[in-house]
Amino acid sequence: MHCILLLAAFINLAWAKTVTYDFEIGWVTAAPDGFSRPVIGINGQWPIPIIEANVGDTIVVKTRNSLRNETTSLHFHGMAQMGTVVNDGPVGVTQCPMEPGASYTYTFKACPAGTHWYHSHDKGQYPDGLRGKMIIHDPEWENSLNVTQQIPVSMSDWYHDQMPYLLDLYMGVNNTNGDIPPPNSFLFNDTTSPLAFNFHPGKRYLLRIVNMAALTCGQFHIEGHVLSIVAVDGVHVQAKDADTILVCAGQRYDAIVTGKSNPSTSEQFIAKMTTDMLTRPVPADTKLTVIGSATYLRINGLPITLNPSITRLLRPNWVPTAGVLDDTTLVPLDNQPLLRGVTKQITFRTNQSYYEGIGTRISVGAQPWVAPKVPSLYSALSTGRNAFFLSTYGPGVVPEILKNNDIVQIYMENPQPWPHPMHLHGHAFQVAGRGTGVWTGTEASLNPVPMKRDTVVIPPMGYLVLRFKADNPGVWFFHCHIDFHVVGGMNAVFIEAPDVLQRQSLTVPPSGIRLCKSAGQPPLGNCAGKTGLLSAAEAEEQCNTIFNMEPTPGKYGANDVYPR
Ligand SMILES: *[C@@H]1O[C@H](CO)[C@@H](O)[C@H](O)[C@H]1NC(C)=O
Ligand SMILES: *[C@@H]1O[C@H](CO)[C@@H](O)[C@H](O)[C@H]1NC(C)=O
Ligand SMILES: *[C@@H]1O[C@H](CO)[C@@H](O)[C@H](O)[C@H]1NC(C)=O
Ligand SMILES: *[C@@H]1O[C@H](CO)[C@@H](O)[C@H](O)[C@H]1NC(C)=O
Ligand SMILES: *[C@@H]1O[C@H](CO)[C@@H](O)[C@H](O)[C@H]1NC(C)=O
Ligand SMILES: [Cu+2]
């Protein structure tokens with residue numbers, strides 16, 4: 001069900017229930033790859049719990065920050081947050097940070113259904129462990145799939161060092177070429193230990209695969225089995241067979257796997273980190289792969305032995321030989337045609353820059369995103385008619401103002417040798433075009449029935465054409481899902497129909513005002529925390545915009561050195 005219809009109908013949905021979670025966020029110790037380190041857990045546990053509900057339910061997540069030494073927040077990746085943008089979670093965009101000891105309650109409709117996840121959206125923090133699975137069930141769709149079991153699994157990279165330290169390295173004055181520290185290992189379901197899928201002959205399984213990485217993508221493949229892809233990022237698609245899928249940070253794939261009808265051997269699966277997002281060679285001791293098994297049992301309950309030739313195949317340098325699924329070949333089940341008649345054009349370009357004395361930054365718009373004094377949403381809610389002026393948000397947040405029901409096109413160029421997983425909050429967009437070089441600009445070159453998702457990879461030295469309808473009033477973050485790049489500023493903010501938001505009488509919640517006050521930030525007014533309209537020059541001066549200086553040329557320093 002579309003979330004708009006759901007919002008209109010939800011009071012009448014007798015089956016909708018409220019699902020409540022009580023989360024105390026705090027430090028625990030874990031060793032997912034054998035190396036013991038402090039990680040951010042929930043209620044004393046890591047991995048953190050799965051959030052699970054049915055579409056249309058109300059989810060209430062009560063959080064308390066017991067970290068003592070770091071601020072935090074939670075974002076529910078994939079949720080439309082229709083009418084509840086105040087609970088979307090990104091710090092500086094829809095809320096202030098939760099200081100140690102502070103509490104905040106996130107309440108929202110479980111919509112759309114699908115394989116999703118939730119994570120901290122503060123200061124590049126989630127790779128320290130604060131990220132977990134979130135499954136929103138659609139019982140009708142799941143019944144139609146005729147599966148015996150649903151198996152949520154995750155992939156992610158993993159560091160032995162903590163993010164505040166790694167981010168200092170990345171952002172620091174010595175990192176002139178924007179190098180990202182390479183991960184130590186790759187995790188499958190939060191471990192490097194070999195796990196098993198226990199399959200029964202001829203039975204169907206729904207694998208719900210999410211990549212929760214800081215940086216890298218993961219390939220997933222099961223020997224001797226086909227992955228029939230039925231959804232991506234919660235969008236149902238016409239079933240398409242794949243041998244291997246590539247899942248990048250933030251992305252999700254739902255795959256149906258059918259057990260072999262007459263197995264004579266068990267098989268192995270592989271989850272493997274891809275290294276194309278790394279800016280320098282992977283250290284030799286990085287553990288790139290996790291091997292597990294698709295196990296069948298004999299009548300006596302003992303596992304059927306592994307296929308020996310497969311074991312050889314998979315270690316140590318496996319590469320997918322039967323191709324990797326190209327996600328743009330997927331067709332959404334609703335067959336929605338390409339949105340035409342664009343009323344709002346946005347052009348972005350990746351720009352990785354080095355600023356002498358400041359360090360590495362990266363941007364999609366005119367400058368790297370920097371947190372404003374007032375979260376942009378709170379400005380949109382508290383400035384009346386001034387909410388339609390860019391200076392209300394300040395150039396530092398790279399704002400774009402969308403009118404209600406605009407047909408929006410984002411054209412993004414990436415004149416860099418590295419790909420980026422680009423994510424938009426509050427919407428699934430059509431991936432109308434993607435390619436290398438620059439776009440020709442013609443409608444004819446776009447996909448007439450584009451696939452839709454909420455996180456898509458822009459290729460190296462390539463471009464993306466994304467379209468969506470501005471039918472979800474709110475303030476939505478558009479950003480690279482590499483958490484280093486979020487902190488480095490590869491972000492923009494879409495102010496969508498602020499007049500409608502204000503007409504809906506949405507206001508800054510008292511709990512949100514408390515968070516700002518305890519963080520020492522003004523909760524209301526324009527980006528400088530004032531009433532009245534700022535001039536462009538005032539906004540630039542008063543709203544945390546420190547990048548009105550030219551970047552320093554040098555190796556990958558200013559973007560001018562990249563080959564085009
Ligand atoms: C916060 O405390 C944890 C747990 O004691 C520690 O491992 C971590 O390094 C600290 N982080 C900072 C930024 O001080
Ligand atoms: C992965 O973890 C989930 C719980 O988060 C569990 O339900 C699932 O069975 C695990 N998958 C495997 C293959 O162990
Ligand atoms: C940068 O590198 C220099 C030379 O190695 C070192 O002395 C300095 O402490 C480094 N600065 C930072 C902020 O890491
Ligand atoms: C459902 O799947 C089972 C195998 O698990 C198969 O035997 C059965 O025919 C399927 N039913 C339908 C309606 O497709
Ligand atoms: C990157 O930003 C700098 C500084 O604003 C500008 O000079 C340069 O042209 C930009 N590069 C690209 C590829 O847009
Ligand atoms: Cu990026």
Side-chain angles (χ1 to χ4, degrees), residues 32 42 45-52 115-118 124 131-135 148-156 165-176 178-181 187-199 205-210 212-217 220 222 248-250 255 257 268-271 276-279 290-295 348-352 354 356-364 368-369 412 414 416-423 455-460 464 478-492:
I42 286 180
Q45 288 182 332
W46 193 90
I48 60 176
I50 299 198
I51 292 180
E52 221 162 350
T115 302
H116 304 299
W117 62 304
Y118 68 103
R131 75 287 182 287
K133 300 163 189 147
M134 180 162 86
I135 309 291
T148 27
Q149 200 190 344
Q150 300 184 27
I151 311 173
V153 295
S154 63
M155 300 195 276
S156 74
Y165 168 77
L166 295 168
L167 285 163
D168 275 354
L169 286 184
Y170 171 67
M171 309 272 284
V173 290
N174 284 347
N175 190 16
T176 51
D179 276 346
I180 299 181
L187 307 181
F188 183 78
N189 238 18
D190 286 326
T191 179
T192 50
S193 306
L195 296 180
F197 293 103
N198 294 304
F199 291 156
Y205 299 87
L206 178 63
L207 271 49
R208 294 173 168 277
I209 306 160
V210 51
M212 317 191 294
L215 169 63
T216 56
C217 307
F220 178 74
I222 312 179
C248 293
V257 177
Q268 287 189 311
F269 75 81
I270 183 169
D276 50 350
M277 298 205 177
L278 294 172
T279 45
V290 183
I291 308 281
S293 63
T295 303
F348 287 140
R349 185 176 292 115
T350 317
N351 194 333
Q352 180 169 298
Y354 177 72
E356 193 74 54
I358 293 181
T360 285
R361 294 296 186 279
I362 188 165
S363 56
V364 289
W369 181 89
M412 180 167 167
N414 181 32
Q416 284 200 333
W418 297 289
H420 302 266
M422 301 306 303
H423 171 48
T455 309
V456 69
V457 173
I458 187 166
L464 277 178
F478 176 72
H479 64 92
C480 174
H481 221 296
I482 293 176
D483 225 15
F484 293 90
H485 287 173
V486 179
V487 180
M490 196 173 176
N491 320 323

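Whatever order the structure lists ligands and atoms in, that order sets their numbers, starting from 1.
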Next on the checklist: Which heavy atom of Asp190 sits nearest to which heavy atom of Pro47, and what is that distance?
Outcome noted: OD2-CB, 3.4 Å
Heavy-atom side-chain contact between [X] and [Y] under 4.5 Å:
{"X": "Asp276", "Y": "Pro419", "value": "yes"}
{"X": "His479", "Y": "His423", "value": "yes"}
{"X": "Thr350", "Y": "Trp418", "value": "no"}

Checklist entry - Is the distance between the ring centroids of His481 and Trp117 under 6.0 Å? => result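 Judged by ring-centre distance (under 6.0 Å), His481 and Trp117 do meet the cut-off.
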Checklist entry - How far apart are the C-alpha atoms of Phe197 and Phe269, what are their side-chain angles, what is the distance that settles it, and do they pass the ring pair (Phe, Tyr, Trp, His ring centres under 6.0 Å) test? => result CA-CA 9 Å; Phe197 293 103; Phe269 75 81; 5.0 Å; yes
What short N/O contacts, under 3.5 Å, does ligand 2 make with the protein, listed by atom pair and distance?
{"residue": "ligand 2", "atom": "2 (O)", "partner": "Lys133", "partner atom": "NZ", "Å": "3.1"}
{"residue": "ligand 2", "atom": "2 (O)", "partner": "Asn189", "partner atom": "OD1", "Å": "3.3"}
{"residue": "ligand 2", "atom": "2 (O)", "partner": "Asn189", "partner atom": "ND2", "Å": "2.4"}
{"residue": "ligand 2", "atom": "5 (O)", "partner": "Lys133", "partner atom": "NZ", "Å": "2.6"}
{"residue": "ligand 2", "atom": "11 (N)", "partner": "Asn189", "partner atom": "ND2", "Å": "2.8"}

Item to check | Option among Thr295, Ile291, Asn189 that satisfies the side chain to side chain contact (heavy atoms under 4.5 Å, CB included) test with Leu195 | outcome: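 By the side chain to side chain contact (heavy atoms under 4.5 Å, CB included) criterion, Leu195 pairs with just one of Thr295, Ile291, Asn189: Asn189.
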Checklist entry - Tyr170 pairs by side chain to side chain contact (heavy atoms under 4.5 Å, CB included) with which of Asp179, Asp483, Ile362? => result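 Exactly one pass, corresponding to Ile362.
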Checklist entry - For the Cu ion (ligand 6), how many protein N, O or S atoms come closer than 2.8 Å? => result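 Under the 2.8 Å cut-off, the count stands at 3.
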Checklist entry - Quick check: does any side chain N or O of Ser156 sit under 3.5 Å from a backbone N or O of Leu187, one acting as donor and the other as acceptor? => result no
